[in-house]
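Every number for a ligand or one of its atoms is a count from 1 in the order of the listing.
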Amino acid sequence: MKLAARVGKVSPSLTLAIAAKAKAMKEEGIEVCNFSAGEPDFDTPGHIKAAAKQALDEGKTKYGPAAGEPKLRQAIARKLKTDNNLDYQAENVIVTNGGKHSLFNLMMAIIEAGDEVIISAPFWLSYPQMVKLAGGVPVIVQTDALTGYKITPDQLARAVTPKTKLFVFNSPANPTGVVYTPTEIKALAEVVVEKDILVVSDEIYEKIIYDGAEHLSIGSLGSEIFERTITSSGFAKAYSMTGWRLGYLAGSVELIKAVSTIQGHSTSNVCTFAQYGAIAALESPQDCVEQMRQAFAERRQVMLERLNAIPGISCAPPDGAFYMFVKISKTGLTSLEFCDALLESQQVATIPGIAFGADDHIRLSYATDMTSIKKGMDRLEKFLQSRF
Ligand SMILES: Cc1ncc(COP(=O)(O)O)c(C=O)c1O
């Protein structure tokens with residue numbers, strides 16, 4: 001069969017592949033310490049599940065509007081006003097099948113063949129692939145540990161060309177855990193406005209921040225940047241709802257209508273009764289979010305201390321999300337060699353940094369229980385002891 005050329009331009013998700021390999025080893029009875037997954041290990045909070053069950057029992061089992069249940073779109077608009085100081089109405093919001101789907105839809109709606117999209121590396125691995133699927137050209141701006149893995153306003157300005165359409169901004173970030181300060185965000189917003197490009201702000205980890213870090217939505221910094229901002233988020237990380245597939249995108253009415261048309265001809269509405277779970281997530285007290293954040297904070301502390309005590313590797317404290325981005329360059333191994341050897345010899349699953357555009361790093365998720373973290377750190381120590 002001759003596949004479409006666009007398929008040849010993208011590569012399969014390496015994170016999903018490694019997570020699957022670790023799962024398969026577990027099923028064979030091998031005890032794996034799995035730090036590969038980008039999902040909280042907690043169950044979805046009971047009141048969210050109860051609301052979805054109730055909706056199911058009430059017969060909310062039919063097709064709904066492609067852009068989402070009106071009550072959910074309203075609840076998201078309210079959340080964006082209250083939490084993020086973003087002035088969106090329900091008509092500015094579309095409910096999608098996850099943050100990934102939001103971003104994919106966005107690329108399909110705005111990217112023309114040859115349009116350039118600026119992405120700073122290390123990046124969440126799906127960004128460049130989505131741009132390519134939409135016919136665009138990802139323009140990767142490299143950052144490193146020295147600049148705290150943050151793109152500077154100067155780097156952003158220099159990456160802009162007449163073909164630039166969009167800048168992808170992600171704070172808190174996957175895989176680095178970086179959270180940009182309000183001052184840094186303001187400086188980037190100024191470049192976006194001055195160069196008159198669009199920015200998509202992926203804020204999916206906004207609730208998972210530590211040590212007094214502050215989340216600021218770039219679109220809240222004034223009308224000029226607001227007009228150029230598309231805000232993307234979802235329920236997966238904050239509410240431990242990864243399998244529910246629920247996200248949202250907020251922007252101009254014109255954009256949201258276009259995305260709704262794309263959705264109308266591809267996926268239609270998000271699972272109707274699941275959307276009622278999302279309404280409960282937003283409209284109930286947020287204690288569950290804080291409880292999970294605190295658990296992540298404790299795990300982060302333990303993992304960070306253990307990692308930085310192991311000779312040959314190092315890790316800067318991440319201010320957000322639930323990942324450690326560990327520098328492995330001193331080991332002389334590529335990230336793939338490192339992760340493969342670690343999985344084979346010690347049964348510890350991690351993600352090679354090459355997937356995120358940083359081959360001298362690996363990513364460890366600490367969205368897993370403390371026992372696995374301690375055991376995994378013992379094994380990693382043993383793995384590196386044989387080399388240093
Ligand atoms: C930075 C970032 N954005 C978006 C997503 C998409 O999340 P979902 O599609 O599960 O809502 C993820 C998931 O790993 C992510 O890490």
Side-chain angles (χ1 to χ4, degrees), residues 12-20 34-42 44 48 68 72 76 93-107 117 119-131 138 149-151 166-180 199-209 215 217-218 230-250 259 263 266-267 270-271 274-275 277-278 281-282 289 296 318-325 351 353 355-358 363-368:
S13 165
L14 198 59
T15 46
L16 294 184
I18 292 179
N34 193 356
F35 301 130
S36 68
E39 64 179 342
D41 55 321
F42 305 107
T44 303
I48 299 176
L72 179 53
I76 293 167
V93 172
I94 181 165
V95 182
T96 63
N97 287 285
K100 197 177 256 184
H101 189 214
S102 291
L103 294 160
F104 182 80
N105 279 341
L106 171 68
M107 301 300 173
V117 178
I119 299 168
S120 67
F123 45 74
W124 180 47
L125 74 177
S126 293
Y127 295 142
Q129 309 293 340
M130 290 171 178
V131 171
Y149 306 106
K150 289 173 178 171
I151 186 171
L166 179 71
F167 165 46
V168 178
F169 182 58
N170 177 216
S171 175
N174 178 7
T176 56
V178 157
V179 179
Y180 286 71
V199 55
V200 60
S201 183
D202 180 353
E203 305 186 5
I204 198 145
Y205 294 100
E206 70 171 300
K207 299 290 179 195
I208 309 172
I209 48 180
H215 175 72
S217 292
I218 193 167
I230 304 112
T231 307
S232 176
S233 193
F235 295 83
K237 316 290 179 178
Y239 299 98
S240 201
M241 292 171 71
T242 45
W244 291 59
R245 309 311 304 134
L246 267 159
Y248 53 89
L249 193 68
V259 171
Q263 207 157 277
S266 49
T267 57
V270 173
C271 172
Q275 292 187 56
L282 291 180
V289 178
F296 291 139
D319 287 330
F322 37 63
Y323 307 107
M324 295 285 165
F325 205 52
I351 305 287
F356 312 107
R363 190 194 76 178
L364 279 76
S365 161
Y366 51 91
T368 189

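Looking at residues two or more places apart in sequence or on another chain, you find no salt bridge (charged side-chain N to carboxylate O under 4.0 Å, His left out) involving Lys100.
Judged by distance alone, the side chains of Glu203 and Thr231 never bring a donor and an acceptor atom under 3.5 Å apart.
The backbone N or O of Ser240 lies less than 3.5 Å from a partner atom in the side chain of Thr44, making a donor-acceptor pair.
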Polar pairs, ligand 1 vs protein, N/O only, below 3.5 Å.
residue  : atom   : partner : partner atom : Å
ligand 1 : 3 (N)  : Asp202  : OD2          : 2.6
ligand 1 : 9 (O)  : Gly99   : N            : 3.1
ligand 1 : 9 (O)  : Lys100  : N            : 2.9
ligand 1 : 9 (O)  : Arg245  : NH2          : 2.7
ligand 1 : 10 (O) : Arg245  : NH1          : 2.8
ligand 1 : 11 (O) : Gly99   : N            : 2.6
ligand 1 : 14 (O) : Lys237  : NZ           : 2.7
ligand 1 : 16 (O) : Asn174  : ND2          : 2.8
ligand 1 : 16 (O) : Tyr205  : OH           : 2.8

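Note on ring orientation: taking the six-membered ring where Trp is involved, the planes of Phe169 and Phe167 are tilted (angle from 30° to 60°). Aromatic ring orientation, Phe296 versus Phe322: tilted (interplanar angle from 30° to 60°).
Of all the heavy atoms in Ala281 and Phe235, the pair that sits closest is CB-CD2, 4.2 Å.
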